[in-house]
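For reference, the structure discussed in these notes is given below.
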Amino acid sequence: MSHWLMKSEPGTFSIDTLAALPKQTTAWDGVRNYQARNMLRDSMKIGDTAFFYYSGCEVPGIAGIVRVVKEGYADKTAFDPKHHHFDAASNPRDPRWFVVDVKLVRKFKRLIALEELRKHAGDALADLAVLRRGNRLSVTPVSEAEWEFVLTLE
DNA sequence: GCCAACGTTGGC
DNA sequence: GCCAACGTTGGC
């Protein structure tokens with residue numbers, strides 16, 4: 001089983017938004033980057049867990065945990081001309097963009113801020129993608145050791 | 001295939 | 001709002 005980190009802007013979709021949904025499950029749509037797409041399509045498996053990360057907000061950081069409940073399939077928002085994430089180059093016969101379904105596992109009692117993760121950039125989290133300068137990937141892998149370490153920070 | 005221009009991301 | 005980093009586009 002693998003671990004991941006998935007970014008979302010809480011102003012658009014927060015962990016509380018997810019918690020309020022029926023079955024607390026959503027398609028993780030809108031990813032328009034090939035590297036991230038490949039992970040959604042090929043690498044993320046049912047049972048994998050991911051950190052729900054807040055970006056583009058006042059206090060970026062990890063808000064909780066979600067679990068993959070459905071593996072990669074076409075991102076339908078790419079087919080809808082009225083949708084913000086529409087992409088004319090993607091169509092149902094040959095989809096360019098993919099989603100996985102994730103379900104809420106739990107919201108952390110408190111946000112583990114990026115600032116706090118950074119304190120361990122020299123040791124336990126030295127290779128954590130989200131700490132690297134200029135990192136913009138919205139889906140990144142997290143190692144087992146990194147996963148366990150972050151959980152001790154909660 | 002190169003690379004400049006441009007758009008987006010995301011922390012600060 | 002600023003700016004660094006990076007991906008994509010398009011002219012050549």
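So that the names make sense, note that chain A is the first sequence line, chain B the second, and so on, each numbered from 1. Worth knowing before you read on, the calculation uses all heavy atoms, side chains too, and leaves out hydrogens, waters and symmetry mates.
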| note | Between I15(A) and I65(A), the two heavy atoms sitting closest are CD1-N, 4.2 Å

| request: Calculate the interatomic distance between L128(A) atom CG and dG10(B) atom P; express it in whole Å. | output: 14 Å

| query | Expressed in angstrom and rounded to an integer, what is the separation of L114(A) atom CG from dT9(B) atom C1'? | reply | 14 Å

| To the nearest angstrom, how far is L137(A) atom CG from dG7(C) atom P? | 8 Å

| message | Please confirm whether the shortest side-chain N or O distance from K7(A) to OP1 or OP2 of dG10(B) is below 4.0 Å. | response | yes

| Expressed in angstrom and rounded to an integer, what is the separation of R37(A) atom CZ from dT8(C) atom P? | 10 Å

| query | Looking for any heavy atom pair under 4.0 Å, which part of the strands does Y54(A) touch: base, sugar-phosphate only, or nothing? | reply | nothing

| Rounded distance in Å - CD (Q35(A)) to P (dG7(C)) | 7 Å

| request: Apply the test side-chain hydrogen bond (donor to acceptor under 3.5 Å, both in side chains) to residues D101(A) and W28(A): give CA-CA distance (whole Å), side-chain angles for both, the deciding distance (0.1 Å), then the verdict. | output: CA-CA 6 Å; D101(A) 284 359; W28(A) 198 270; over 6 Å; no

| said: Is it true that R96(A) and Y34(A) share a donor-acceptor pair across their side chains at a distance under 3.5 Å? | reply: yes

| query | Rounding to a whole Å, what distance do you find between L131(A):CG and dG11(B):P? | reply | 10 Å

| Side chain of Y34(A) - closest among dT8(B), dT8(C), dG11(B) | dT8(C)

| Interatomic spacing from CD1 in I62(A) to CD in E116(A) - rounded to 0.5 Å | 9.5 Å

| Taking CZ from R96(A) and P from dG7(C), how many angstroms apart are they, rounded to a whole number? | 17 Å

| Distance, rounded to the nearest Å, where H85(A) contributes NE2 and dT9(B) contributes C1' | 13 Å

| message | Over all strands shown, is R118(A) touching base, sugar-phosphate only, or nothing at heavy-atom distances under 4.0 angstrom? | response | sugar-phosphate

